[in-house]
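Before any comments, here is the structure.
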Amino acid sequence: MSIREHIINNFKGDDYDSLQSAINESIESEDEVTLPGMGVFFEIVWQGADQRLKNEMMEIIKQRVNQGEQENS
């Protein structure tokens, strides 16, 4: 079983609140162990998004990455 399949299987059947809680906890913990799971979640969102939503996500990512560059300068 791949990491992707393992992560998806771990969350199958979870309700909205459980998924949101898992995402929030992952972000708040700043634990790099959770990054693969977040990547799988992003992949799922990306694959299900239309071009408008992809453009919105890219704009958010671009803005936040640029903010990070400014903070590190």
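Summarising the geometry, atom CD1 belonging to I8 is positioned 12.0 Å from atom CD1 belonging to I3; distances are rounded to the nearest 0.5 Å.
Under the side chain to side chain donor-acceptor pair (under 3.5 Å) criterion, Q47 pairs with no residue at all, not counting sequence neighbours.
Residues F42 and I7 fall into different hydrophobic clusters, defined by Ile, Leu, Val, Met, Phe, Trp and Tyr side chains chained together at heavy-atom separations under 4.5 Å.
Listed by first and then second residue, the side chain to side chain donor-acceptor pair (under 3.5 Å) pairs that reach into residues 37-46 are R4-E43, sequence neighbours excluded. Residue pairs meeting the ring pair (Phe, Tyr, Trp, His ring centres under 6.0 Å) criterion with at least one member in residues 2-39, sequence neighbours excluded: F11-F41. Sorted by first and then second residue, the salt bridge (charged side-chain N to carboxylate O under 4.0 Å, His left out) pairs involving residues 9-29 (not counting sequence neighbours) form an empty list.
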Distance-only criterion, 3.5 Å: show the donor-acceptor pairs between side-chain atoms of residues 31-38 and protein atoms not counting sequence neighbours.
| unit_1 | atom_1 | unit_2 | atom_2 | d |
| --- | --- | --- | --- | --- |
| D31 | OD1 | V33 | N | 3.0 |
| T34 | OG1 | S26 | OG | 2.7 |
| T34 | OG1 | D31 | O | 2.8 |

Return a table of donor-acceptor pairs under 3.5 angstrom between the side chains of residues 54-61 and protein atoms on other chains or two or more places apart.
| unit_1 | atom_1 | unit_2 | atom_2 | d |
| --- | --- | --- | --- | --- |
| N55 | OD1 | Q51 | NE2 | 2.9 |
| N55 | ND2 | Q51 | O | 3.4 |
| E56 | OE2 | R52 | NH1 | 2.2 |
| E59 | OE2 | Q63 | NE2 | 3.2 |

